[in-house]
Amino acid sequence: MGLVEADPRKRPRSSYARFEAELPDETWQSDFTHWPLADGTDAQTPAWLDDHSRMAPPSRVTGSVTGELVARTFLECCAEHGTPAGRRRGAPPCTIRT
């Protein structure tokens, strides 16, 4: 087995609610996932998701998520996939127009 220990009890109930943007690149949402590895190392993955297509540009695993890392990954995703009309952060959903 790998270093990740599965624990489905960690999934919040709010993750079952689905929302969808009308158009591709209308809004993106961001979040990060915290996951303790089997060797005790903390791994965090900042990620972006298109609220229409559910396309998730590649993200990276890091030891800690900083504002600088979130901004850098957002700009990298924009450079590769274009800039969204807005972005969504956290839950409950709130849209911030860019």
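We use all heavy atoms of the structure for the numbers below, so side chains are in, but hydrogens, waters and symmetry mates are not.
At a threshold of 4.5 Å between non-hydrogen side-chain atoms, the residues Arg72 and Glu76 count as touching. Contact of the Leu69 side chain with the Thr62 side chain is registered, since non-hydrogen atoms from C-beta on lie closer than 4.5 Å. Residues Cys78 and Pro84 have side chains in contact (heavy-atom distance under 4.5 Å, counting atoms from C-beta outward).
Taking all atoms of both residues into account, the shortest heavy-atom contact from Ala21 to Thr27 is CB-OG1, 3.7 Å. Minimum interatomic distance between Asp25 and His81 (heavy atoms only, all atoms of both residues): OD2-O, 3.9 Å.
Side-chain contact of Trp48 with Thr73: a donor-acceptor pair under 3.5 Å is present, judged by distance alone.
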| query | Stepwise, does the side chain to side chain contact (heavy atoms under 4.5 Å, CB included) test hold for Leu49 with Met55? | reply | CA-CA 6 Å; Leu49 179 73; Met55 185 272 305; over 6 Å; no
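Hydrophobic clustering, with ILVMFWY side chains joined whenever heavy atoms are under 4.5 angstrom apart, groups Leu75 together with Val65.
With rounding to the nearest 0.5 Å, the separation of OG1 in Thr83 from CH2 in Trp28 is 7.0 Å.
Not a single side chain to side chain donor-acceptor pair (under 3.5 Å) links Gln44 to another residue, sequence neighbours left out.
Checked by atom type and distance alone, the side chain of Glu26 pairs as donor or acceptor with a backbone atom of Glu22 at under 3.5 Å. Side chain of Asp42 to main chain of Pro36: no donor-acceptor pair is present (N/O by atom type, distance under 3.5 Å, no hydrogens or angles).
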